[in-house]
Amino acid sequence: MKLYATEKFKKQYQKLPEAIQKEAEKQLDFLLSNPHHPSLHLKKMEDSRNIWEARVTVSYRFTFQIDGDYYILRTIGTHSTLKSP
């Protein structure tokens with residue numbers, strides 16, 4: 001699998017504190033190497049677009065979709081900011 005970051009994801013990522021960016025990198029590495037890693041707390045969202053959510057920290061999450069061999073990174077931020085479409 002490979003990662004593809006949307007423009008929205010890139011903009012949100014750049015606004016994150018540096019410590020959260022480092023945690024996000026670690027969690028994205030887990031997604032690539034072991035998507036069932038317990039620290040990801042991976043779950044499918046209740047959404048018809050087949051969107052998944054994973055944990056960066058207790059307060060931060062990222063969302064993605066799976067398309068062929070790609071994880072399409074959609075959003076990253078606090079749990080409450082990911083509620084928007």
Side-chain angles (χ1 to χ4, degrees):
M1 296 294 276
K2 299 172 190 166
L3 298 177
Y4 173 81
T6 62
E7 288 303 314
K8 182 176 183 176
F9 181 93
K10 291 175 189 177
K11 288 177 185 177
Q12 290 173 332
Y13 178 87
Q14 291 300 316
K15 293 179 182 178
L16 296 173
E18 187 176 330
I20 301 300
Q21 288 181 1
K22 288 181 182 180
E23 283 297 314
E25 290 297 324
K26 182 182 80 169
Q27 295 302 91
L28 291 170
D29 286 343
F30 281 142
L31 180 64
L32 288 172
S33 65
N34 179 10
H36 300 290
H37 193 279
S39 71
L40 287 171
H41 293 266
L42 192 64
K43 69 175 185 178
K44 188 169 190 274
M45 297 178 72
E46 292 182 21
D47 186 294
S48 62
R49 295 173 290 172
N50 197 27
I51 298 173
W52 293 79
E53 179 182 275
R55 183 181 285 186
V56 174
T57 67
V58 172
S59 300
Y60 286 84
R61 307 283 193 274
F62 65 91
T63 63
F64 65 93
Q65 289 173 292
I66 301 170
D67 185 9
D69 289 339
Y70 285 89
Y71 291 121
I72 300 172
L73 305 174
R74 298 172 44 86
T75 60
I76 188 166
T78 59
H79 195 255
S80 61
T81 62
L82 300 182
K83 300 277 184 209
S84 61

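All residue numbers refer to positions in the sequence shown, counting from 1. Both backbone and side-chain heavy atoms feed into the values below; hydrogens, waters and symmetry mates do not.
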message: I need the Arg49 CZ to Thr63 OG1 distance, nearest 0.5 Å.
response: 9.0 Å
task: Examine distances only and state if a side-chain atom of Gln65 and a backbone atom of Ile72 form a donor-acceptor pair shorter than 3.5 Å.
output: no
message: Evaluate Tyr60 against Ile76 for side-chain contact (heavy atoms from CB on, under 4.5 Å), listing each step before the verdict.
response: CA-CA 7 Å; Tyr60 286 84; Ile76 188 166; 5.7 Å; no
- request: Report yes or no: do Tyr4 and Ile51 belong to one cluster of Ile/Leu/Val/Met/Phe/Trp/Tyr joined by side chain heavy-atom distances under 4.5 Å?
  value: no
- prompt: Do Leu32 and Ile66 share a hydrophobic cluster (ILVMFWY, side-chain heavy atoms under 4.5 Å, transitive)?
  reply: yes
side-chain contact (heavy atoms from CB on, under 4.5 Å) between Leu16 and Gln21, worked out: CA-CA 6 Å; Leu16 296 173; Gln21 288 181 1; 3.9 Å; yes
task: Measure up the Tyr71 and Phe64 rings against each other and bin them: parallel (under 30°), tilted (30 to 60°), perpendicular (over 60°).
output: perpendicular
message: Which residues pass the side-chain hydrogen bond (donor to acceptor under 3.5 Å, both in side chains) test with Lys11, not counting sequence neighbours?
response: none
statement: Here the gap from Arg74 atom CZ to Lys8 atom NZ, rounded to the nearest 0.5 Å, amounts to 7.0 Å
message: I'd like to know if the side chain of Thr6 and the backbone of Leu73 have a donor-acceptor N/O pair within less than 3.5 Å.
response: yes
task: With rounding to the nearest 0.5 Å, note down the distance linking CE in Met45 to CH2 in Trp52.
output: 12.0 Å
task: Could I get the full list of salt bridge (Lys or Arg N to Asp or Glu O under 4.0 Å) partners for Lys26, not counting sequence neighbours?
output: Glu23
message: Whether Lys22 and Glu25 form a salt bridge (side-chain N of Lys/Arg under 4.0 Å from carboxylate O of Asp/Glu) is what I want to check.
response: no
message: Between Thr78 (side chain only) and Ser59 (backbone N and O only), is there a donor and an acceptor less than 3.5 Å apart?
response: no
Gap separating the OG1 atom of Thr75 from the CZ atom of Arg61, nearest 0.5 angstrom: 11.5 Å
- prompt: Under 4.5 Å between any side-chain heavy atoms of Leu31 and Leu3, yes or no?
  reply: yes
task: Mind jotting down which residue pairs meet the ring pair (Phe, Tyr, Trp, His ring centres under 6.0 Å) criterion with at least one end in residues 10-38? Sequence neighbours excluded, please.
output: Phe30-His37
message: More than 12 heavy atoms of other residues, nucleotides or ligands under 6.0 Å from NZ of Lys44: yes or no?
response: yes
message: Can you tell me how far apart CD (Glu46) and CD (Glu53) are? Round to the nearest 0.5 Å.
response: 11.0 Å
task: Flag yes if Leu40 and Tyr70 sit in one hydrophobic cluster, no otherwise; membership is Ile, Leu, Val, Met, Phe, Trp, Tyr, and two members link when side-chain heavy atoms are under 4.5 Å apart.
output: no
